[in-house]
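What follows is a single structure, written as structure tokens, with notes after it.
Note that the structure is a prediction, hence the values are computed from the model and not measured. Numbers for residues simply follow the sequence, beginning at 1.
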Amino acid sequence: MNDQNRLPDVPLRASICMATYNGAEFVAEQLASILAQLGPDDEIVIVDDASTDDTIARIRELTDPRIRLIEAAANQGYVRSFEQAVQASCGAAIFLADQDDVWIEGRLDAMLDALATHAVVASNFDVLGGGDRPPIPRLRAADSGRHRANLWGILVGYRAYYGCGMAFRREVLGSFVPVPPYLRESHDLWLAILGNTAGSIRHLDASTLLRRLHEGNATPRGWRSLRVILAARVVLLRLMVEARRRLRAASGQA
């Protein structure tokens with residue numbers, strides 16, 4: 001495992017960016033499933049969000065030089081940890097990965113193939129152990145180009161964009177970060193909004209990972225109050241306006 005300040009000496013193909021927090025129980029299994037698919041020109045960048053359990057020790061037990069571990073000085077929340085990880089990454093393709101899932105064989109190659117033609121890719125997932133999925137329809141490849149419909153789906157909550165199933169080209173990084181300061185969750189929806197607003201996102205019909213659902217998931221699983229739902233929709237609308245502004249600035253438009 002590399003020291004957090006030592007950057008690779010050669011250009012990298014893919015960076016797998018992970019935020020960990022008190023994930024000692026499952027993180028080694030997830031890292032093993034990722035490392036099995038990586039080549040010598042790939043890396044895993046982990047930002048640990050001031051874990052109080054043995055997460056860091058479990059990561060350090062893996063001596064693979066493709067792993068870079070960054071330890072946050074204080075708990076900052078998973079959105080800021082993911083932001084820090086992607087900013088520290090060096091790969092041409094940037095993948096988001098949760099600490100407690102398991103990658104399905106072939107995930108990396110399938111998503112890299114999609115990134116050859118699209119700026120953002122989002123795949124489906126199955127539930128580890130065969131449990132019930134969240135009550136949101138699976139992504140369909142046929143909907144990839146329906147960008148307005150996808151944005152509407154994000155707004156009303158029926159597009160299954162989960163960060164654990166997403167990746168993007170490095171060219172998107174300048175629009176993705178800094179993550180808007182008012183965003184405390186749903187960095188994955190921010191990425192999906194950017195991809196759809198830019199008109200360059202690809203859905204994969206296949207599931208490329210097994211998602212572990214448990215009480216410690218960062219993504220909320222229960223019902224929310226109407227006040228919280230409405231506040232979240234206001235945030236999403238702000239993100240859609242911000243995405244248009246950033247993409248216009250990136251393209252040199254007024």
Side-chain angles (χ1 to χ4, degrees), residues 15-23 45-50 70 72-89 94-101 119-122 125 134 136 139 147-148 150-201 211 216-250:
S15 294
I16 317 305
C17 297
M18 180 184 294
T20 60
Y21 178 70
N22 289 353
V45 181
I46 303 171
V47 172
D48 184 78
D49 197 17
I70 301 170
N75 187 270
Q76 59 188 349
Y78 69 91
V79 172
R80 301 308 149 195
S81 293
F82 272 116
E83 180 179 24
Q84 186 177 359
V86 301
Q87 287 179 309
S89 70
I94 300 172
F95 287 68
L96 303 180
D98 287 350
Q99 66 184 1
D100 46 9
D101 298 332
V120 179
V121 59
F125 63 86
I136 302 176
L139 295 174
H147 304 300
R148 290 184 180 179
N150 292 335
L151 289 169
W152 175 251
I154 291 170
L155 191 60
V156 300
Y158 70 79
R159 277 295 188 268
Y161 292 119
Y162 289 85
C164 59
M166 300 182 74
F168 58 99
R169 292 181 188 169
R170 176 156 295 276
E171 68 194 51
V172 179
L173 184 59
S175 298
F176 182 70
V177 298
V179 175
Y182 50 83
L183 192 63
R184 295 291 182 266
E185 60 181 36
S186 301
H187 61 291
D188 38 16
L189 295 183
W190 169 230
L191 178 57
I193 287 169
L194 284 170
N196 279 292
T197 303
S200 186
I201 189 168
R211 187 160 181 252
N217 287 131
T219 303
R221 296 178 62 192
W223 292 101
R224 296 183 168 189
S225 68
L226 180 60
R227 180 185 65 81
V228 172
I229 291 173
L230 291 175
R233 297 303 177 262
V234 170
V235 169
L236 291 174
L237 286 170
R238 291 180 69 184
L239 291 176
M240 290 178 185
V241 172
E242 180 64 13
R244 290 182 63 85
R245 185 192 70 79
R246 292 192 187 189
L247 291 169
R248 284 177 178 271

*Flag the pair Leu239 / Leu194 as yes when at least one side-chain heavy-atom distance between them is below 4.5 Å, and no otherwise.*
no

*Hey, does Leu191 have a side-chain heavy atom less than 4.5 Å from the side chain of Val172?*
yes

*Using atom types as modelled and distance alone, determine if a side-chain donor or acceptor of Arg184 lies under 3.5 Å from a backbone N or O of Pro181.*
yes

_Is the shortest side-chain heavy-atom distance between Cys17 and Ile94 below 4.5 Å?_
yes

*asked:* What's the separation between atom CG in Asp98 and atom OG1 in Thr20, rounded to the nearest 0.5 Å?
replied: 11.0 Å

*Would you say Asp49's side chain and Gly77's backbone share a donor-acceptor pair under 3.5 angstrom?*
yes

*Quick one: pull up CZ in Phe168 and OG in Ser175 and give me the separation to the nearest 0.5 Å.*
10.5 Å

*Write down the atom of Glu83, the atom of Val177, and the distance for their closest heavy-atom approach.*
CG-CG1, 3.8 Å

*Is there side-chain contact between Asp100 and Arg211, with heavy atoms separated by less than 4.5 Å?*
no

_If only side-chain N and O atoms count, and only distance matters, is there a donor-acceptor pair under 3.5 Å linking Ser89 with Arg170?_
yes

*asked:* Before you tell me yes or no, could you show the steps for Phe82 and Leu96 under side-chain contact (heavy atoms from CB on, under 4.5 Å), namely the whole-Å CA-CA distance, both residues' side-chain angles and the distance that decides it to 0.1 Å?
replied: CA-CA 8 Å; Phe82 272 116; Leu96 303 180; 4.1 Å; yes

*Can you tell me how far CD of Gln87 sits from CG of Leu173, rounded to the nearest 0.5 angstrom?*
7.0 Å

*Heavy-atom count around Arg246 CZ within 6.0 Å, excluding the residue itself: above 12?*
yes

*How close do Thr197 and Arg244 get, heavy atom to heavy atom, and via which atoms?*
CG2-CG, 3.7 Å

*So, do Pro180 and Arg238 sit near enough that their side-chain heavy atoms are less than 4.5 Å apart?*
no

*Aromatic ring centroids of His187 and Tyr78 under 6.0 Å?*
yes

*Run the side-chain contact (heavy atoms from CB on, under 4.5 Å) check on Ile154 and Ile193 step by step: do they pass?*
CA-CA 8 Å; Ile154 291 170; Ile193 287 169; 3.9 Å; yes

_Between Val120 and Arg169, is there a side-chain heavy-atom distance shorter than 4.5 Å?_
no

*Nearest heavy atoms of Met240 and Leu151, plus distance in Å*: CE-O, 3.2 Å

*What heavy-atom pair brings Asp101 and Cys164 nearest, and what distance separates the two atoms?*
OD2-CB, 3.4 Å

*List the steps, then state whether side-chain contact (heavy atoms from CB on, under 4.5 Å) holds for Asn196 with Arg148.*
CA-CA 7 Å; Asn196 279 292; Arg148 290 184 180 179; over 6 Å; no

_Between Glu171 (side chain only) and Ala119 (backbone N and O only), is there a donor and an acceptor less than 3.5 Å apart?_
no

*Would you mind reporting whether Leu236 and Leu189 have side-chain heavy atoms less than 4.5 Å apart?*
yes

_Listed partners of Arg245 passing salt bridge (charged side-chain N to carboxylate O under 4.0 Å, His left out), at least two apart_ = Glu242

*Heavy-atom distance under 4.5 Å between the side chains of Tyr161 and Leu139, does that happen here?*
yes

*Between Val121 and Ile201, does a side-chain contact (heavy atoms from CB on, under 4.5 Å) hold up when you go through it step by step?*
CA-CA 6 Å; Val121 59; Ile201 189 168; over 6 Å; no

*Kindly compute the distance separating OG (Ser81) from CG (Asn75), expressed to the nearest 0.5 Å.*
7.0 Å

*Mind listing the closest non-hydrogen atom pair of Ile70 and Gln84 along with its distance?*
CG2-NE2, 3.4 Å

*Pairwise distance OH(Tyr162) to OG(Ser186) - rounded to 0.5 angstrom*: 10.0 Å

_Phe176 to Trp190 - nearest heavy-atom pair and separation_ = O-NE1, 2.9 Å

